[in-house]
Asks: 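Just passing along the structure, written as structure tokens.
Convention: sequence-line order gives letters A, B, ...; per-chain numbering from 1.
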Protein chains: 2
Amino acid sequence: MSVRHTEVTSGSVVTCGDEHEDCGIREVLDRIGDKWSVLVVVELAQGMRRFRQLQRAVPGISQRMLTLTLRRLERDGLISRTVRPTVPPQVEYELTSTGHSLTHLVRALADWSAEHRAAIGQARREWDEANPGSSIR
Amino acid sequence: MSVRHTEVTSGSVVTCGDEHEDCGIREVLDRIGDKWSVLVVVELAQGMRRFRQLQRAVPGISQRMLTLTLRRLERDGLISRTVRPTVPPQVEYELTSTGHSLTHLVRALADWSAEHRAAIGQARREWDEANPGSSIR
DNA sequence: CAGTATCCTTAATGATACTG
DNA sequence: CAGTATCATTAAGGATACTG
């Protein structure tokens, strides 16, 4: 996901190159665009969770992907990981303050989705009917 | 990106299955998470654009990916495509009203990114230093 | 319980050539 | 100009087995 691109900022649209690899919005999209991060963040928005709890709360996620997703969120400073040296071991995951602020964004995303879901579905049905046998889906 | 998952709605967190394949937020994330859609939408937020204009405005995008991105956005009802039967042919792309409403979301994304970019960068550097030779990046 | 390590499949993207 | 078609490459994700 590295590329020269234009980027919207609070007041204006600016252009930036990929020489720095960190135009900003891409950092968020990388984490928001993947298959599981948002779901994990949504679950953690409810409070502290342990590894197995998360796996049960996000049906379909593999152990491997849960681990990867958690590590990346931790690396980005969005969640914290606390190991309790018990037997068997317990590891607790929690949103950081940065992570919590992300939930507002996710909420906005969900609101927009809810609002336009019907229209998008309708548009797709019409497009699919007008373009039978298309390969873009 | 199809999977059973929990979903945030305006007021509550609900669980839904993938039997219907349209939990809502996934539809947005599919388009927001891919590599080019947001960049194309941002460019179209400025006004009507033709194919070549878009390709120049989004450096790095291939002809193929621009075509695919535009088709998918069109299928979702986010942009309109108008063919003018001139020689050589001209095709105009514009945001629909649904597409325009998406730009608010993108703006929110960009704002959040700008606000937390430094913190994320810092977190990553620290994590990378604490975890040398990790394979998650 | 909370992971790692491997191997494998599929989806996404890229490069290039060609066309109405 | 605005695409399509084809092939190659890469990244994301999944399945399974194993471990401290």
Asks: Nearest whole Å is fine: how far is C:dA11 C1' from B:Arg26 CZ?
Replies: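 Atom-to-atom, B:Arg26 to C:dA11, this comes out as 15 Å.
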
Asks: Would you check if the side chain of A:Arg26 reaches a backbone N or O of B:Lys35 as a donor-acceptor pair within less than 3.5 Å?
Replies: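 Between the backbone of B:Lys35 and the side chain of A:Arg26 there is a qualifying donor-acceptor contact (under 3.5 Å).
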
Asks: Can you tell me if A:Arg72 touches the phosphate of D:dA12, counting only side-chain N or O atoms and a distance under 4.0 Å to OP1 or OP2?
Replies: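 For D:dA12, OP1/OP2 do not have a side-chain N/O of A:Arg72 under 4.0 Å.
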
Asks: Whole Å only: how far is the CD atom of A:Gln55 from the P atom of C:dT4?
Replies: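 Going from CD in A:Gln55 over to P in C:dT4 covers 13 Å.
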
Asks: Looking at C:dG20, which nucleotide sits across from it as a Watson-Crick or G-U wobble partner, both distances under 3.5 angstrom, or is there none?
Replies: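 When the pairing criteria are applied, D:dC1 turns out to be the nucleotide that pairs with C:dG20.
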
Asks: Counting just side-chain N and O atoms, does B:Tyr93 come under 4.0 Å of either OP1 or OP2 of D:dG3?
Replies: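 Yes, within the criterion.
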
Asks: If I take atom CD1 in residue B:Ile61 and atom C1' in nucleotide C:dA15, what distance separates them, rounded to the nearest angstrom?
Replies: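 B:Ile61 atom CD1 is separated from C:dA15 atom C1' by 14 Å.
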
Asks: Please report, rounded to the nearest Å, how far the P atom of C:dG20 is from the CZ atom of B:Phe51.
Replies: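 In whole Å, C:dG20 P and B:Phe51 CZ are 17 Å from each other.
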
Asks: Would A:Val83 and A:Leu70 show up in the same hydrophobic cluster when neighbours are defined by side-chain heavy atoms closer than 4.5 Å?
Replies: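 Same cluster: A:Val83 reaches A:Leu70 through Ile, Leu, Val, Met, Phe, Trp or Tyr contacts under 4.5 Å.
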
Asks: Just to verify, which of B:Arg84, B:Gln53, B:Arg49, B:Arg50 counts as forming a side-chain hydrogen bond (donor to acceptor under 3.5 Å, both in side chains) with B:Glu92?
Replies: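 Between B:Glu92 and the candidates, side-chain hydrogen bond (donor to acceptor under 3.5 Å, both in side chains) is satisfied uniquely by B:Arg84.
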
Asks: Would you mind checking if B:Glu27 and A:Arg117 are paired as a salt bridge, meaning a charged N to carboxylate O distance below 4.0 Å?
Replies: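 A salt bridge is absent here (no side-chain N lies under 4.0 Å from a carboxylate O).
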
Asks: Is the phosphate of C:dG3, meaning OP1 or OP2, less than 4.0 Å from a side-chain N or O of A:Arg50?
Replies: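 No, because none of the side-chain N or O atoms of A:Arg50 sits under 4.0 Å from OP1 or OP2 of C:dG3.
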
Asks: Can you find a side chain N or O atom of A:Arg84 that sits less than 4.0 Å from OP1 or OP2 on C:dA2?
Replies: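 No, because none of the side-chain N or O atoms of A:Arg84 sits under 4.0 Å from OP1 or OP2 of C:dA2.
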
Asks: Name the closest nucleotide to the B:Lys35 side chain, picking from C:dG14, C:dC1, C:dG3.
Replies: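 My answer, after comparing the listed nucleotides, is C:dG14.
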
Asks: Is the phosphate of C:dA2, meaning OP1 or OP2, less than 4.0 Å from a side-chain N or O of A:Arg52?
Replies: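 Answer no for this pair, as no side-chain N or O of A:Arg52 is under 4.0 Å from OP1 or OP2.
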
Asks: Between C:dC1 atom P and A:Leu54 atom CG, what is the distance in whole Å?
Replies: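 It works out to 13 Å between those atoms.
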
Asks: Does A:Leu66 belong to the same Ile/Leu/Val/Met/Phe/Trp/Tyr cluster as A:Met48, with side-chain heavy atoms less than 4.5 Å apart forming each link?
Replies: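 Cluster IDs for A:Leu66 and A:Met48 differ.
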
Asks: Specify the residue among B:Ser62 and A:Gln90 whose closest nucleotide of DNA chain C lies further upstream toward the 5′ end.
Replies: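 Checking each residue's closest nucleotide, the 5'-ward one belongs to A:Gln90.
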
Asks: Map B:Gln63 and B:Ser135 onto DNA chain C by nearest heavy atom, then report which one ends up closer to the 5' terminus.
Replies: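 Nearer the 5' end of the strand: B:Ser135.
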
Asks: Rounded to whole Å, please give me the gap between CD in A:Gln53 and C1' in C:dG3.
Replies: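 Roughly 16 Å, once rounded to whole Å.
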
Asks: If you pin A:Pro89 and A:Met65 to their nearest nucleotides in DNA chain D, which one's is more 5'?
Replies: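 Its nearest nucleotide being more 5', the pick is A:Met65.
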
Asks: Between B:Arg56 and B:Thr67, which has a closest nucleotide on DNA chain D that is more 5'?
Replies: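 With B:Arg56 and B:Thr67 compared, the 5'-side residue is B:Arg56.
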
Asks: Whom does C:dC7 pair with, Watson-Crick or G-U wobble, provided both distances fall under 3.5 Å?
Replies: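 The answer is D:dG14, by the H-bond criterion.
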
Asks: What's the CZ-C1' distance between A:Arg137 and C:dA11, to the nearest Å?
Replies: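 So the two atoms are 17 Å apart, to the nearest Å.
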
Asks: Considering non-hydrogen atoms only, spot the tightest contact between B:Thr96 and B:Ser80 and give its length.
Replies: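 Shortest heavy-atom contact: CG2-N, 3.9 Å.
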
Asks: Looking at D:dG3, does its base get a donor-acceptor pair with the side chain of B:Arg64 below 3.5 Å?
Replies: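 Looking at the base of D:dG3, it does not pair with any donor or acceptor on the side chain of B:Arg64 (distance under 3.5 Å).
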
Asks: Round to the nearest Å and state the distance from B:Leu29 atom CG to C:dA12 atom P.
Replies: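 In whole Å, C:dA12 P and B:Leu29 CG are 14 Å from each other.
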
